[in-house]
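On a predicted model such as this, the values are computed, not experimentally measured, just so you know.
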Amino acid sequence: PQEVVLADVARAARREVREATRLAGCEVAVEIPETATAQVDGAALELALSALLLAAAASAHPGDTVVVSWCRPPEAA
């Protein structure tokens, strides 16, 4: 694992599915702050996210927007 910028991974996955989303008539919006990072296998995360985006595009209607977002996990008590 390495530290990756989650927005970069999401944008890379969006590029990977660009043709599928174009054919479905939908778009993918990335709403992740540039400061959001994680210690992960970036390539594996991109592959998994691409698969999820392809599934979303397959069930989307023309004009739909698939949103990839991130929220900070709650602080441990």
Nearest-0.5 Å distance, [atom1] of residue [X] to [atom2] of residue [Y]:
X: D8; Y: T37; atom1: CG; atom2: OG1; value: 11.0 Å
X: D41; Y: Q2; atom1: CG; atom2: CD; value: 7.5 Å
X: R15; Y: S50; atom1: CZ; atom2: OG; value: 10.0 Å

### Message
Show the nearest heavy-atom pair for residues A29 and R14, with the distance to one decimal.
### Response
CA-NH1, 4.4 Å
### Query
In the hydrophobic clustering that connects Ile, Leu, Val, Met, Phe, Trp and Tyr at side-chain heavy-atom distances below 4.5 Å, which members other than V68 occupy its cluster, ordered by chain and number?
V4, L6, V9, V17, V28, V30, I32, V40, L45, L49, L53, L54, V66, W70
### Query
Other than V5, which residues form its hydrophobic cluster under the rule that side-chain heavy atoms must be closer than 4.5 Å?
none
### Message
Suppose we screen for side-chain hydrogen bond (donor to acceptor under 3.5 Å, both in side chains). Which residues come up paired with Q39, at least two apart in sequence or across chains?
### Response
none
